[in-house]
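Computed from heavy atoms alone, side chains included, the values below leave out hydrogens, waters and symmetry copies. Here is how names work: the chains are called A, B, and so on, in the same order as the sequence lines, proteins then strands, and each is numbered from 1.
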2 protein chains.
Amino acid sequence: MKRDSRLSSVLHALLHMAEHDGPMTSEALSKCLGTNPVVVRRTMGLLREAGLVASDRGHAGGWRIAVDLANVTLRQLHDALGEPAVFAIGNRHETPDCLVEQAVNAALDTAFAEAEALLLERFAEITLADLAADFARRHAARRAQRG
Amino acid sequence: MKRDSRLSSVLHALLHMAEHDGPMTSEALSKCLGTNPVVVRRTMGLLREAGLVASDRGHAGGWRIAVDLANVTLRQLHDALGEPAVFAIGNRHETPDCLVEQAVNAALDTAFAEAEALLLERFAEITLADLAADFARRHAARRAQRG
DNA sequence: GGGATATGTAACATATGAAGTTACATGAAA
DNA sequence: TTTCATGTAACTTCATATGTTACATATCCC
Ligand code: FES
Ligand code: FES
């Protein structure tokens, strides 16, 4: 299965935007992420629908963060992306007639639901500001190491 | 992403085998699972390597369970299948140079690791005997419902 | 106004990987 | 020695995340 890396991508993009003065174009972000401008627009468009970023066309246009970094959690970003499926493992059929399969599905579903709940809980605890701070810490550490 | 449904499949197969006297052929299991005999062999072969099932060729051959149902957990089955990736979501690059991406990855990896640990913990708590009992319960319930 | 620049979006192409399929070798039982 | 079953390689199919092309639309600057 090919993994959905959009959450990772938008986080990278958002932190980049946070460090940057003024709006950033899809072109600039795509170069940064090593992808394509249209992919950036497609993904960032979902964040715009959620009100997390804003975009402007034309000269001096591009993408800007529309909210306070401290008020945006990874959970909100996950939701903005359409709550994509978390697991690469799943049941063969969702609503089987076979009682054996029903018993199997029930057991697996419970375990998956608990794990997903924990994941989303952790996501809800992490804000963009936390990540920005972590980045600043790493940045300082690298500078110290070099000099 | 296409989900890996092998765990669900082998559970279905194993419970079926548990209810059945004597070995079951790949052909019979594949009809039950709605798949192909070769897929069954391929998947069950992994369980055989882990010592959970045994296979015999020729007349009256097929697959049999090689261990006590109460001693096999979902975790063991997951491991036998090669510990496939649990998540459909992941980082863009695993070991990026960019410090922003490193900060992002670190945060996501921690959350994913915790969720995976919980999932595997739950898997380790559930035995095939538990599932067989749950099946029996559902079976009785259906019979009661029917009169 | 008109050219330049940026997003918005549809349509199509590519890449990856799970699952399915075909073909044939190997081995065991009758 | 025929039949039935697994073992396995090679190939095909299918789903889908991502990448790409093309063009419409909106905005800014001159
Ligand atoms: S911050 Fe731009 S490449 Fe990572
Ligand atoms: S037990 Fe055989 S079809 Fe489910």
Side-chain angles (χ1 to χ4, degrees), chain A residues 1-10 12-13 17 20 22-49 53-64 66 78 81-94, chain B residues 1-10 12-13 17 20 22-49 53-64 66 78 81-94:
Chain A
M1 161 221 290
K2 206 172 193 174
R3 291 167 124 180
D4 180 340
S5 61
R6 290 177 303 162
L7 181 57
S8 166
S9 289
V10 298
H12 191 165
M17 288 159 67
H20 189 269
M24 289 188 70
T25 66
S26 307
E27 180 77 29
L29 287 171
S30 73
K31 279 200 175 115
C32 214
L33 301 181
T35 179
N36 185 290
V38 177
V39 173
V40 171
R41 283 184 211 127
R42 199 187 287 157
T43 313
M44 296 295 281
L46 296 172
L47 302 195
R48 184 189 48 227
E49 286 172 21
V53 301
S55 59
D56 294 299
R57 307 205 217 197
H59 275 280
W63 301 89
R64 344 174 232 110
H78 176 72
L81 292 174
E83 303 185 58
V86 165
F87 295 107
I89 303 180
N91 294 326
R92 197 172 176 76
H93 311 292
E94 278 315 317
Chain B
M1 154 220 313
K2 208 170 192 174
R3 290 167 121 179
D4 181 338
S5 61
R6 291 177 304 161
L7 180 58
S8 167
S9 289
V10 298
H12 192 166
M17 288 160 67
H20 189 270
M24 290 188 70
T25 65
S26 307
E27 180 78 29
L29 287 171
S30 73
K31 280 200 173 116
C32 213
L33 301 182
T35 179
N36 185 290
V38 177
V39 173
V40 171
R41 285 185 209 124
R42 192 150 64 204
T43 313
M44 295 295 283
L46 296 172
L47 302 195
R48 186 189 47 230
E49 286 173 21
V53 301
S55 60
D56 293 298
R57 306 204 219 198
H59 275 278
W63 300 89
R64 336 172 239 111
H78 176 72
L81 292 174
E83 303 185 58
V86 165
F87 295 106
I89 302 179
N91 293 326
R92 197 171 175 78
H93 311 290
E94 278 315 316

Practice prompt. Go through the structure and list residues passing side chain to side chain donor-acceptor pair (under 3.5 Å) with B:Arg57, not counting sequence neighbours.
Written response: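 In terms of side chain to side chain donor-acceptor pair (under 3.5 Å), with neighbours along the sequence ignored, B:Arg57 is linked to no residue.
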Worksheet item: Looking at residues at least two apart in the chain, or sitting in another chain, which of them share a side chain to side chain donor-acceptor pair (under 3.5 Å) with B:Arg42?
Response: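 Here no residue qualifies.
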Roughly, in whole Å, what's the span from [atom1] in [X] to [atom2] in [N]?
| X | N | atom1 | atom2 | result |
| --- | --- | --- | --- | --- |
| B:Leu46 | D:dT6 | CG | P | 16 Å |
| A:Asp56 | C:dT5 | CG | P | 17 Å |
| B:Met17 | D:dT6 | CE | C1' | 13 Å |
| B:Leu29 | D:dA5 | CG | P | 12 Å |
| A:Arg48 | C:dG8 | CZ | C1' | 7 Å |
| B:Leu47 | D:dT6 | CG | P | 14 Å |
| A:Met44 | D:dT18 | CE | P | 15 Å |

What residues, two or more places apart in sequence or in another chain, satisfy side chain to side chain contact (heavy atoms under 4.5 Å, CB included) together with [X]?
| X | result |
| --- | --- |
| A:Thr43 | A:Arg6, A:Val10, A:Val39, A:Leu81 |
| B:Ser5 | A:Arg92, B:Ser9 |
| B:Asp56 | B:Arg64 |

Worksheet item: Will you find, in the side chains of A:Trp63 and A:Ser26, an N or O donor that is under 3.5 Å from an N or O acceptor?
Response: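 Result is yes, a qualifying pair exists.
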Are [X] and [N] close enough that a side-chain N or O sits under 4.0 Å from OP1 or OP2?
| X | N | value |
| --- | --- | --- |
| A:Ser55 | C:dG8 | yes |
| B:Ser26 | D:dT6 | yes |
| B:Arg41 | D:dT6 | yes |

Strictly under 3.5 Å: I want the nitrogen or oxygen pairs between protein and nucleotides 19-22 of chain C, one per line.
{"unit_1": "C:dA19", "atom_1": "OP1", "unit_2": "B:Arg3", "atom_2": "O", "d": "3.2"}
{"unit_1": "C:dA19", "atom_1": "OP1", "unit_2": "B:Ser5", "atom_2": "N", "d": "2.6"}
{"unit_1": "C:dA19", "atom_1": "OP1", "unit_2": "B:Ser5", "atom_2": "OG", "d": "3.0"}
{"unit_1": "C:dG20", "atom_1": "OP1", "unit_2": "A:Arg92", "atom_2": "NH2", "d": "2.9"}
{"unit_1": "C:dG20", "atom_1": "OP2", "unit_2": "B:Thr35", "atom_2": "OG1", "d": "2.7"}
{"unit_1": "C:dG20", "atom_1": "N7", "unit_2": "B:Arg42", "atom_2": "NH2", "d": "2.8"}
{"unit_1": "C:dG20", "atom_1": "O6", "unit_2": "B:Arg42", "atom_2": "NH1", "d": "3.3"}
{"unit_1": "C:dT21", "atom_1": "OP2", "unit_2": "B:Asn36", "atom_2": "ND2", "d": "3.3"}
{"unit_1": "C:dT21", "atom_1": "O4", "unit_2": "B:Arg42", "atom_2": "NH1", "d": "3.3"}

Fill in: Side-chain-base donor-acceptor pair under 3.5 Å for B:Arg57 and D:dT6
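Yes.
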